[in-house]
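What you see below is based on every heavy atom in this structure, not just the backbone, and it leaves out hydrogens, waters and symmetry mates.
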Amino acid sequence: MKGGVVDGVVYPWAIMELAHHYRFKNLGGTSVGALAAALTAAAEYSRRYGSVAGFNKVMLDIPNQLAADAEGQPGRTKLFSLFQAGPQTQRLFDVFVALFSAPASHSQPQRWLTGLTALLKAYAPWALLGVLTGTALALLLGWAMDLPAGCCDLTAWPKGAFAAICLCFALAGLLILVALGVWRDVVHGLIPGGMGLCTGKQTSTAPDAPQGLIDWLHEGIQAAAGRTLDQALTFKDLWEAPGGPVTPSSSTHTQRTHAIDLRMVSSNLTQGRPYGFPLTGTNNRLFFKKEELDAYFPTEVMNCLMAKAHVYTPVLSTSAKKPLEEIYYELPQGDLPIIIATRLSLSVPILFKAVPLWALKPNPGPDEHPFYCCWFSDGGICANFPIHQFDAALPRWPTFGIMLDKARAGQAVWVTDHHDDGLQEDGDLPAINTSPSRQLFHFACTLLNTVRSWNDNTSVRLPGVRDRVVHIGLEPEHSSQDAKDSVLGGLNLKITGAAILRMAGVYGRPAGQALVKKFLGPPLSASTATAWREHRWVRFNSFATALRTRMAGFTAAAQHAEHTDPLSAQIADSRITPPLTGTVAHKALTKTQADALVNVQQALSALEASFAVAHPVQPYKPDPQSELHMRSPL
């Protein structure tokens with residue numbers, strides 16, 4: 001499920017439509033898509049134990065719950081009340097909300113005017129003080145210059161010279177004082193602790209205080225899973241749930257044996273790359289300080305985390321001066337509560353504070369601190385639609401994608417009818433006859449979006465991918481009253497309750513129905529639907545074509561390459577001389593190890609030869625043709 005913010009209200013009812021006909025094995029998402037994936041995984045976990053309450057009571061009720069009026073906050077929805085800024089960022093938060101909640105009919109200048117009005121309203125005391133200060137300075141300047149009597153009487157100045165001076169001083173004072181107020185809130189509120197307006201956690205400890213987003217989400221995940229708040233659902237709990245497809249014994253991918261496999265993506269800004277959660281392997285170790293994460297997560301979550309986290313114990317050399325003064329805990333892998341991974345993925349820049357985690361330095365000196373801080377922000381910065389995470393060479397069950405997209409002419413929700421549909425793309429450029437400022441602003445937006453989303457947009461074009469993705473166009477329909485009054489989705493936190501229910505009903509539910517209709521019928525049966533058979537055929541041929549292209553030239557390169565030995569001779573020599581050098585001691589290969597590599601080389605050469613024979617007679621040509629590349633996992 002693709003990331004967003006308010007757009008995520010379309011997901012619960014889309015999931016409900018799929019849940020009527022499918023069990024969920026693999027679930028993934030980014031940002032608000034991670035939130036929806038976590039709730040779906042919890043509901044599926046409960047269903048594996050015989051209860052459908054997670055779907056029928058929690059998932060089904062989410063849009064209604066978010067659309068309801070917030071307790072004690074007239075005119076605000078439950079959704080809006082979940083986003084809570086601290087005292088130092090409240091004014092900036094008010095400006096942020098106003099800027100992204102302008103009516104859809106407003107032009108860009110009108111939107112900026114709305115933001116300016118909100119800025120002056122939020123910083124009204126500063127603005128008033130600036131006007132008074134500027135006016136006082138103008139009067140003082142007039143007195144100091146010994147202006148003629150009656151200079152303050154505007155009627156004595158036909159051209160209004162002195163009035164203009166006072167006005168300029170008042171305006172300058174307003175701008176300077178408001179800028180100082182904004183700068184003060186940025187320096188003391190926005191920047192410290194994560195460059196954001198909200199942590200996501202409840203800001204007040206009062207008994208009747210509204211929930212924060214993370215508190216609400218934790219309660220929802222636990223309710224969907226049928227567990228109490230002090231038993232935070234973990235990735236390992238999902239893996240060990242009963243049921244799920246039987247994995248062939250020949251598989252070497254241990255992650256395929258997970259009963260429910262939930263994955264999310266977050267962006268490590270310090271290292272400049274995405275991280276997949278849950279963490280895997282030994283090279284992606286992360287650590288945390290309890291006092292830092294306390295500001296982001298409820299007490300029940302932190303208690304569960306601390307019960308599974310291990311304290312980092314450094315190995316001190318004889319020249320080290322002293323041990324670490326602070327306590328660092330290693331972030332668990334399978335035992336990590338899924339709410340923590342969800343928050344790491346759901347870190348929309350500026351709106352949410354980034355989360356601090358810590359990584360080990362590769363080669364710290366004896367007296368050097370072994371850790372450096374890594375700031376984790378929204379997963380959508382690197383991978384907003386990572387649908388490839390569960391792909392296999394030949395799928396045993398369909399993996400669907402729900403993509404928040406641009407509106408399509410005449411269609412709010414659409415999915416391709418056949419494998420060769422959907423390759424044509426709509427442009428996203430402003431009309432030539434629009435104002436230069438609008439064209440410049442649109443160009444900047446499309447530039448930023450291309451940098452962020454090119455990988456996702458490219459993957460969706462592939463055959464075998466585009467036919468399993470349902471697109472939801474959330475741009476307002478001008479025939480709708482809601483669209484005339486407000487912006488649908490996006491960062492519009494002030495969206496009305498009616499618009500939330502409309503998004504869930506008009507966009508979310510039809511999205512799930514479109515996938516069900518395509519892959520199951522009618523009649524609703526996997527054995528009679530042609531889309532699933534066609535999808536597997538396309539995936540098989542696309543993979544075979546990509547593999548053939550990747551294998552081209554393997555035999556020639558193995559037999560001869562400049563300035564080195566043939567691969568077969570290198571394998572034979574590896575039984576005498578260790579084939580590798582480095583910091584780790586390596587040994588020569590045994591006869592069994594060398595023979596195994598010879599067999600692999602011969603098998604790959606035979607595969608290349610078979611592709612050369614089979615390819616010319618195959619009628620299906622993938623468009624565009626996919627490519628196989630090796631890259632580091634998330």
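Taken to the nearest 0.5 Å, the CG atom of Asp7 stands 10.0 Å off from the CG atom of Asn492. Rounded to the nearest 0.5 angstrom, Gln211 CD and Ser81 OG are separated by 8.0 Å. Once rounded to the nearest 0.5 Å, the distance linking CG of Leu18 with CZ of Arg23 reads 14.5 Å. Between Leu229 atom CG and Asp215 atom CG the span is 10.0 Å, to the nearest 0.5 Å. For the atom pair CH2 (Trp375) and OG (Ser347), the distance works out to 11.0 Å, reported to the nearest 0.5 Å. Note: Leu92 CG to Asp185 CG = 5.0 Å, rounded to the nearest 0.5 Å.
Applying the salt bridge (Lys or Arg N to Asp or Glu O under 4.0 Å) definition to pairs two or more places apart or across chains, those involving residues 327-342 are Arg285-Glu330. The ring pair (Phe, Tyr, Trp, His ring centres under 6.0 Å) contacts involving residues 215-246 comprise Trp239-His258, where partners must be two or more places apart or lie in separate chains.
The closest side-chain donor-acceptor pair between Gln231 and Gln222, if any, does not fall under 3.5 angstrom. A donor atom on one side chain and an acceptor atom on the other are not found under 3.5 Å apart for Asn384 and Thr30. For the residue pair Lys25 and Thr399, no side-chain donor N or O sits within less than 3.5 Å of a side-chain acceptor on the partner. The closest side-chain donor-acceptor pair between Thr458 and Asn455, if any, does not fall under 3.5 angstrom.
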Mind listing the side-chain donor-acceptor pairs of residues 31-39 below 3.5 Å, one per line with the distance, residues two or more places apart or on another chain?
residue : atom : partner : partner atom : Å
Ser31   : OG   : Gly4    : O            : 3.2
Ser31   : OG   : Asp378  : OD1          : 2.8

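Enclosure of atom CE in Met302 by more than 12 non-hydrogen atoms of other residues, nucleotides or ligands within 6.0 angstrom is indicated.
Considering only residues two or more places apart in sequence or on other chains, Lys236 meets the salt bridge (charged side-chain N to carboxylate O under 4.0 Å, His left out) condition with none of them. Applying the side chain to side chain contact (heavy atoms under 4.5 Å, CB included) test to Asn268 and every residue at least two apart in sequence or in another chain returns Thr270, Gln271, Tyr275, Cys374, Phe376. Evaluation of the side chain to side chain contact (heavy atoms under 4.5 Å, CB included) rule for His535 yields Pro395, Asp467, Arg468, Phe519, Trp532, Arg539 as partners, not counting sequence neighbours. Take His388 and apply the side chain to side chain contact (heavy atoms under 4.5 Å, CB included) test, not counting sequence neighbours, and it matches Pro386, Asp391, Arg631. Remark: Lys361 pairs with Glu368 by the side chain to side chain donor-acceptor pair (under 3.5 Å) rule, at least two apart or across chains. Glu44 meets the side chain to side chain donor-acceptor pair (under 3.5 Å) test with Arg47, Arg48; sequence neighbours excluded. Evaluation of the side chain to side chain contact (heavy atoms under 4.5 Å, CB included) rule for Val311 yields Ile327, Tyr329 as partners, not counting sequence neighbours. Under the rule for a side chain to side chain donor-acceptor pair (under 3.5 Å), the partners of Tyr45 that lie at least two apart in sequence or sit in another chain are Arg227. Legend: residues meeting side chain to side chain donor-acceptor pair (under 3.5 Å) with Asn303, ordered by chain and number and at least two apart, are absent.
Side-chain atoms of Thr40 and Met59, non-hydrogen and from C-beta on, do get closer than 4.5 Å to each other. Two residues are said to be in side-chain contact when any heavy atoms from C-beta on lie closer than 4.5 Å; Ile15 and Met1 meet this criterion. Considering only heavy atoms from C-beta on, Leu336 stays 4.5 Å or farther from Leu279 through its side chain. Annotation: side chain of Asp69 is not in contact with side chain of Arg76 (no heavy-atom distance under 4.5 Å). Under the 4.5 Å side-chain criterion, counting only non-hydrogen atoms from C-beta, Thr342 is not in contact with Phe277. Looking at heavy atoms from C-beta onward, Val97 lies in side-chain contact with Phe80 at the 4.5 angstrom threshold. Side-chain atoms of Ile340 and Pro337, non-hydrogen and from C-beta on, do get closer than 4.5 Å to each other. In this structure the side chain of Met403 reaches within 4.5 angstrom of the side chain of His471, judged on heavy atoms.
We find that Lys290 and Asp294 are joined by a salt bridge, their nearest charged nitrogen and carboxylate oxygen being less than 4.0 Å apart.
Side-chain N or O atoms of Gln84 include one that pairs as donor or acceptor with a backbone N or O of Pro210 at under 3.5 Å. When atom types are taken as modelled, the side chain of Asp456 and the backbone of Ser453 share no donor-acceptor pair closer than 3.5 angstrom. Counting only distance, with no hydrogens or angles, the side chain of Ser101 and the backbone of Ala98 share no donor-acceptor pair below 3.5 Å. In terms of modelled atom types and a separation under 3.5 Å, the side chain of Arg263 and the main chain of Gln389 share a donor-acceptor contact. Remark: the backbone N or O of Phe297 is paired with a side-chain donor or acceptor of Lys201 at under 3.5 angstrom.
Using cut-offs of 30° and 60° for the angle between ring planes, the Tyr22 and Phe400 rings count as perpendicular.
No close placement of the Phe93 and Phe83 rings is indicated, their centers lying 6.0 Å or farther apart. Taking the six-membered ring wherever Trp is involved, the centroid distance between the rings of Trp358 and Tyr328 falls below 6.0 Å.
Considering every non-hydrogen atom in both Leu491 and Phe96, the closest pair reads CD1-CZ, 3.9 Å.
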